[in-house]
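What follows is a set of notes on a single structure, which appears directly below.
A, B, ... follow the sequence lines: proteins, then strands. Residue 1 opens every chain.
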Amino acid sequence: MISRWALWITYGAHNHRPPLITDIRRTQQNLTSIKLSSSLSSSSSTSAAGEYLRLSDEELMAQCEMDTFKASGPGGQHRNKRESAVRLKHLPTGIIAQAVEDRSQHKNRASALCRLRTLLALKVRNAIELDGYRPPSELLQILPAKSTIRGSEVGPQIGPNNPKFTLGMQALLDLIFTVDGSVSEGAKILGLSTGALSRLILSDDSLRAAVNELRTSKGMRPLK
Amino acid sequence: MIYRLKLPILSASSSCLRRRRLSFYSTTAATASSFASHLSPPLKPQTPLFLRPLSHSTSPSSLLSFRQWAESLARSYAADLSIDGGPSASELIRELSWLLQDATFQAGETMLLRTDLQDLYCLWMQRIEARRPFQYIVGCEHWRDLVLAVREGVLIPRPETEELVDLVAGVEGFKDGLWADLGTGSGAIAIGIGRILGENGRVVATDLSEAAVEVARFNVGRYKLEDKVEIRQGHWFEPLQDLHGKLSGLVSNPPYIPSSHIPGLQAEVGKHEPSLALDGGMNGMDHLLHLCDGLISALKPGGFFAFETNGDKQSEYIVDFISSQGSNTFHDMRIVADFAGVRRFVTGYCQ
């Protein structure tokens, strides 16, 4: 499982030079995390990916190794040096997310975790069965209101800036992968016009990149 | 004083450079520190740079010249700075971008500034030549999700200490507790706790230093936590007489550096930060042991404590010391590592 996902390793998209990381330490909660992640992957390997995104920050953090700088000298009060870069490795999938741009370690950890959620949504695919397929509510929430399968009870459309968008994006990618990258087929299932689904895909850079990567690999034209 | 003259920018920068050469070849600890005190701005009033109004302006090209000058100064000095563990060139250049982030705002073709361009030259000169800490230059430090005002006389909160707040957050029922932060400095820990408390929770924080008390109150006010976090001036437990036996928990990051290590500290710390907040006496544990002695009478039954230490050996010593006060007095004592793997914190509960 891990070796398969190791192929998916992606670095947090940022133009900064990666930090020199010399020491890898597990986060303290990892003893509990190992139990958690093994129960997740053994219950159903296909549903695990969706489950990662439903974990709380603490639970997700517990499945990660955090790379830190090796202590050079006593640290603490002795030292005035900003070493705020954080790199998280999600152990069940091997996905790596990092953040270096913020001035506080705490905020870089939050950014890295947020980035990890996006990468999990983009990189971890769940197989879906098209017969009798009903989009999960997270997917319905990111669809435009004109979708014919979207009832009024779903509420207003959630956009890419909302943290809940990630779950919907993951479900949408699961569907697009299942229909081999065909936007028209996906649109039919979601009760949308092909143009409307294209616009939704293009509204988020990482979503667009993931769909286009798939389409290119299938010999299809990328969406523009 | 030379920096206060209203010189055109270019000549100001070149005169800064000439000075650099001069003092570079006559460097001793004494000249470096007298230079530093010479350059230090008046302590009051000092609003952090990022909170000052955009009342100055310059052209993008002038600002670019500043950046190029500042980068080359950083590069040419980096090797000297690294001798005592100071910042590398890339770390200095990252600080420079943060300085500009705090000091500038682009409005079309004009760069608006929160201080005049000449002052930026002088601030950067102080940073490189006098080793004035970056956080004192900009007057703030980013810590957890906070931006805290700091200035000379107040310890700059360290990233390691961010974890103390998480240790408190892990205590059952912490949200409605009465907490104490002894030696609060900028108020970092107290504010970090105050922000995650529930409706009935409170923090009382103490510090001996008047500068620290003033800065901590400023920071508490900026986060509108006056109802939750109270700052009192005084020596460790002394301002808490009325709360003895009532505290749900007590945290502290007291000075813990052994006195003999103070002269060898990197200049940013040793020459600029208050020794009151760093020097822990001969073995570094004078204050830690004093805090341990006061724990029993300060905490209520079941109360929690967490101390930051110099790491490893000090942590072990503190655990032994507290345990030796009687096997039934404290329980669940733990040593917790910081993000760099140093066993930094000692925590436990009162019976």
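The line from CG of A:Asn80 to CD of B:Glu141 is 7.5 Å long, rounded to the nearest 0.5 Å. For the atom pair CG of B:Asp145 and NZ of A:Lys107, the computed distance is 7.0 Å after rounding to the nearest 0.5 Å. Separation of atoms OG (B:Ser97) and CZ (A:Arg103) is listed at 8.0 Å; rounding is to 0.5 Å.
With respect to A:Arg109 and B:Asp166, a salt bridge is recorded, a charged nitrogen being found less than 4.0 Å from a carboxylate O.
Only the side chain of B:Leu265 comes within contact range of chain A, judged by heavy atoms closer than 4.5 Å. Using a 4.5 Å cut-off between heavy atoms, B:Arg144 touches chain A through backbone and side chain atoms alike. Only the side chain of B:Ile156 comes within contact range of chain A, with heavy atoms under 4.5 Å apart.
Of the candidates B:Thr309, B:Ile257, B:Asn310, A:Gln77 forms a side chain to side chain contact (heavy atoms under 4.5 Å, CB included) with just one, namely B:Ile257.
No other option in B:Pro255, B:Gly311, B:Pro87, B:Gly270 has as many heavy-atom pairs under 4.5 Å with chain A as B:Pro255. Your options are B:Glu273, B:Gln266, B:Glu160, B:Glu268, and the one with the most heavy-atom pairs under 4.5 Å with chain A is B:Gln266.
Closest non-hydrogen pair, A:Ser104 versus B:Trp143, comes out as CB-N, 4.0 Å.
Taking a 6.0 Å sphere around CZ of B:Phe50, one finds it holds more than 12 heavy atoms contributed by other residues, nucleotides or ligands.
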